[in-house]
There are 2 protein chains.
Amino acid sequence: MPRPSTPLLSPDRIRSVALAIIDRDGLDGLSMRKLAAELGVQAASLYGHVRTKDQLLNDIASSILSTVDVSGFTVDWREGLIRCARSYRAALSSHPNIVPFLAYGPAGREESLQRLDLLHGALVDAGWSRREATMIAAGLMYIVFGSALSSFSSGFSSDPADYTDRYPHLDRAHLLPGVARELDRDSFELALAAFVRGLQGLCRGPDRDSRA
Amino acid sequence: MPRPSTPLLSPDRIRSVALAIIDRDGLDGLSMRKLAAELGVQAASLYGHVRTKDQLLNDIASSILSTVDVSGFTVDWREGLIRCARSYRAALSSHPNIVPFLAYGPAGREESLQRLDLLHGALVDAGWSRREATMIAAGLMYIVFGSALSSFSSGFSSDPADYTDRYPHLDRAHLLPGVARELDRDSFELALAAFVRGLQGLCRGPDRDSRA
DNA sequence: CCGACTAACCGAACAGTGTTAGGTTAACTC
DNA sequence: GAGTTAACCTAACACTGTTCGGTTAGTCGG
């Protein structure tokens, strides 16, 4: 089957099918051969459209993170932080299986840096010092990424009965998939609210002019 | 070389050399063949002492996390949270290359659950509701794990000059290894302090009887 | 219309991975 | 001293990401 009339492959199609496989079978469930098979093609053909598997994963990650919205700073920095974090979390939790890949180090993830830069600039504009802004942005990322990977729903929700007797304080109910998802969201919201709330008064902060 | 007079291998020795390789060459730098070679042995011989590579990594992770101290709750829950988080972070940042493995889901990491159970119990004893205690413990883990992997020092510290012009708000200094480490620690401390500080007043909390 | 060229795919291979089966021999037990 | 076990080995299996050299469909220049 040499050069079909209409091309079977395109970077977009490859990315989209790859992401579907990751969502379905997990990060380790994606192999170039399986991806090729699912595209009706041999593995070698992929390399005409994709430089390497790692690059493919990076592109997928970037496209997921590109849905993150950092434009909530028009109101005030608190709202901005909260909206940004929620948007980040929404992006990550829509494709949780790719999160472990992100853990391998963004190195030069272009989009992430740009967003971080924007976030940082907004905080500085709000009156925080450059160093404070950096640390606050980092702290926000801690909560976002931490909640994306050490979540209850994906963490340990196989057989609740196993845990009940060995860990008396942990509630069995936490491990039911439905409750776990809700608990994840509430834990995230709690951590986020506590973090933002705890910020003021810790450093000198910007509140002398931008807000009472 | 069949059955040497004194055994070359033991689970402990395997774990320790494996961890050394991970620390030196990264998580992907560890292969069973390389590990065996470094132990003066063939790869197959490892499987007499270790069930599988994944199990080996789990054991290593557990042994690292076993140094975490959750016994700071005798003073009060705030101190307890802070000490626990610091201890956790210290454990993780002493072997940062294994953190991505942890991201693949603890599933049944025994030790983690036990520690979580203890933490949870301490919070309940301090007066928080069970659900609140769960969410607070989760939030603490967010900050700990988030700081362990989305750190500045491991994140993007290759060539500062690349970033400076493209991201005007980000300071070049952040990317120098020495500064990055310090910045990581300060960011963690800030996030932790803000989180703990922000907790009181958010939920009803335990402060009516245990503290003013 | 026809030749040159390129783009898209394929088959086969390479070096590497985790893991297992079956063999060899030293050390321990009775 | 025989039998058993424990510790290692060699060889292989099924996989992985990736590359090389082919084969052909489409496209462009003359």
Scan nucleotides 13-16 of chain D against the protein and return all N/O pairs shorter than 3.5 Å with their distances rounded to 0.1 Å.
unit_1: D/dT16; atom_1: OP1; unit_2: A/Ser31; atom_2: OG; d: 3.1

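Atom CZ of A/Arg24 has more than 12 heavy atoms from other residues, nucleotides or ligands within 6.0 Å.
The phosphate of C/dA7 has neither OP1 nor OP2 within less than 4.0 Å of any side-chain N or O from A/His49. An OP1 or OP2 oxygen of C/dA8 is reached within less than 4.0 angstrom by no side-chain nitrogen or oxygen of A/Ser45. Residue B/Thr52 has no polar side-chain atom (N or O) positioned under 4.0 Å from OP1 or OP2 of C/dG18.
A donor-acceptor pair under 3.5 Å links the side-chain atoms of A/Lys53 to the main chain of A/Leu30, judged by distance alone. Counting only distance, with no hydrogens or angles, the side chain of B/Glu132 and the backbone of B/Ser129 share a donor-acceptor pair below 3.5 Å. Here the side chain of B/Ser93 pairs a donor or acceptor atom with the backbone of B/Arg89 at under 3.5 angstrom.
Looking at B/Asp184 and B/Arg181, no side-chain N of the basic residue comes within less than 4.0 Å of a carboxylate O on the acidic one, giving no salt bridge. Residues A/Arg131 and B/Glu182 are paired through a salt bridge, judged by an N-O separation under 4.0 Å between the basic side chain and the carboxylate.
Atom CG in B/Leu56 sits roughly 11 Å away from atom P in C/dG18 (whole-Å rounding). One atom, CG of B/Leu35, and another, C1' of C/dT19, lie 14 Å apart when rounded to the nearest Å. If you measure from atom CZ of A/Arg51 to atom P of D/dG17, you get 16 Å, rounded to the nearest angstrom. Atoms CG (B/Leu27) and P (C/dT17) sit 14 Å apart, rounded to a whole Å. Straight-line distance from the CG atom of A/Leu46 to the P atom of C/dG11: 14 Å, rounded to whole Å. Note: CG (A/Leu39) to C1' (C/dC9) measures 13 Å, nearest angstrom.
Nucleic acid contact for A/Gln42: sugar-phosphate only, since backbone atoms but no base atoms lie under 4.0 Å from a heavy atom of the residue.
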